[in-house]
Chemist: 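Attaching a single structure in structure tokens format; questions to follow.
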Amino acid sequence: MYSFNSKLLTLCFVMGLTIVPVQSYAHESHTMHTDPTHCEAPPKEMSSWKEPSSISAAKTNEELSHSTVTINQAVQASLFPTRTVKFVVNPEERGGSVSFAGMVQFNVPTQATYRIITDSRPWVEMVKDGKTIESSKHQHGSKCLGMEKVLDFPLSPGQHTIEFTANGKDTIKFIIVPVSK
């Protein structure tokens with residue numbers, strides 16, 4: 001059996017560190033590690049994860065100004081059938097005929113690595129000035145917190161667009177947090 005300190009896991013998750021499981025000889029119930037009712041709260045900078053703001057993602061570049069999000073604020077965004085979205089940059093992966101997509105924009109104040117955490121596993125394209133930015137890290141999120149996908153992007157100051165595609169449902173919850181400066 002493996003045992004994890006949930007506070008340490010949450011801290012390492014936010015910091016982008018990997019933990020190797022160690023053997024535990026403690027006599028404890030291991031159901032707490034898979035039971036979401038016993039999950040630790042997200043770190044302070046992610047406290048909005050439990051109560052996200054709601055927006056409608058953009059279907060076109062012209063609609064992006066109405067789909068602006070803020071760093072450190074969780075968002076529940078409504079998406080659209082992928083075939084109805086006109087992307088700023090054609091995504092590498094569009095998804096199938098029953099997938100959902102949409103775009104949001106946000107402002108990066110300082111050059112740093114920023115992390116996008118989602119509650120599902122969409123394809124994510126980061127776009128600035130009409131060009132995609134490759135992610136620097138991919139990992140799985142904390143399932144007990146409802147976080148499925150974690151991506152890090154090295155970003156420079158300015159306006160950025162996130163294109164969500166190939167999502168299996170018509171909504172997506174996500175948050176953008178700075179990782180490093």
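Computed from a prediction, not measured in an experiment: that's the story for all the values here.
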Chemist: According to ring pair (Phe, Tyr, Trp, His ring centres under 6.0 Å), does anything in residues 66-104 pair up with another residue at least two apart or in another chain? List the pairs.
Modeler: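 For residues 66-104, and leaving out neighbouring residues, there are no ring pair (Phe, Tyr, Trp, His ring centres under 6.0 Å) pairs at all.
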
Chemist: Applying salt bridge (charged side-chain N to carboxylate O under 4.0 Å, His left out) as the test, list every pair that has at least one member in residues 156-170; sequence neighbours left out.
Modeler: D119-K169

Chemist: Between the side chains of T118 and K173, does any donor sit under 3.5 Å from an acceptor?
Modeler: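 There is no such pair between these side chains.
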
Chemist: Is there a side-chain contact between T110 and P178 (heavy atoms, below 4.5 Å)?
Modeler: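 T110 does not reach P178 side chain to side chain.
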
Chemist: State, yes or no, whether a side-chain contact exists between I117 and K149 at a heavy-atom distance under 4.5 Å.
Modeler: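 They are not in side-chain contact.
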
Chemist: Does a side-chain heavy-atom distance below 4.5 Å link T68 with V104?
Modeler: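 SC-SC contact between T68 and V104 ruled out.
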
Chemist: Nearest 0.5 Å, what's the CD1-OG1 distance between I55 and T171?
Modeler: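 So the CD1 of I55 and the OG1 of T171 are separated by 12.0 Å.
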
Chemist: I need the full list of ring pair (Phe, Tyr, Trp, His ring centres under 6.0 Å) pairs touching residues 149-175, with sequence neighbours left out, sorted by first then second residue.
Modeler: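 Those involving residues 149-175 are F106-H160, F164-F174.
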
Chemist: Please check if atom CD in Q76 has more than 12 non-hydrogen atoms from other residues, nucleotides or ligands closer than 6.0 Å.
Modeler: yes

Chemist: Heavy atoms, side chains only, cut-off 4.5 Å: are I116 and I162 in contact?
Modeler: yes

Chemist: Contact between E63 and S56 at the side-chain level, heavy atoms closer than 4.5 Å - yes or no?
Modeler: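 Not in contact.
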
Chemist: Kindly give the cluster partners of W123, where membership spreads through any ILVMFWY side chain lying under 4.5 Å from a current member.
Modeler: none

Chemist: Working to the nearest 0.5 angstrom, can you tell me the gap between E125 CD and T165 OG1?
Modeler: 6.5 Å

Chemist: Sequence neighbours left out, what passes side chain to side chain contact (heavy atoms under 4.5 Å, CB included) with N107? Give chain and number order.
Modeler: Q159

Chemist: Check A57 against S67 and note the closest heavy-atom contact, atom names and distance.
Modeler: C-OG, 3.4 Å

Chemist: What I'd like to find out is whether the side chain of I172 reaches to under 4.5 Å of the side chain of S120, using heavy atoms alone.
Modeler: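 The answer is yes; the side chains approach within 4.5 Å.
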
Chemist: Under the rule for salt bridge (Lys or Arg N to Asp or Glu O under 4.0 Å), what residues qualify as partners of R121, not counting sequence neighbours?
Modeler: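 Checked R121 against salt bridge (Lys or Arg N to Asp or Glu O under 4.0 Å); matches are E148.
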
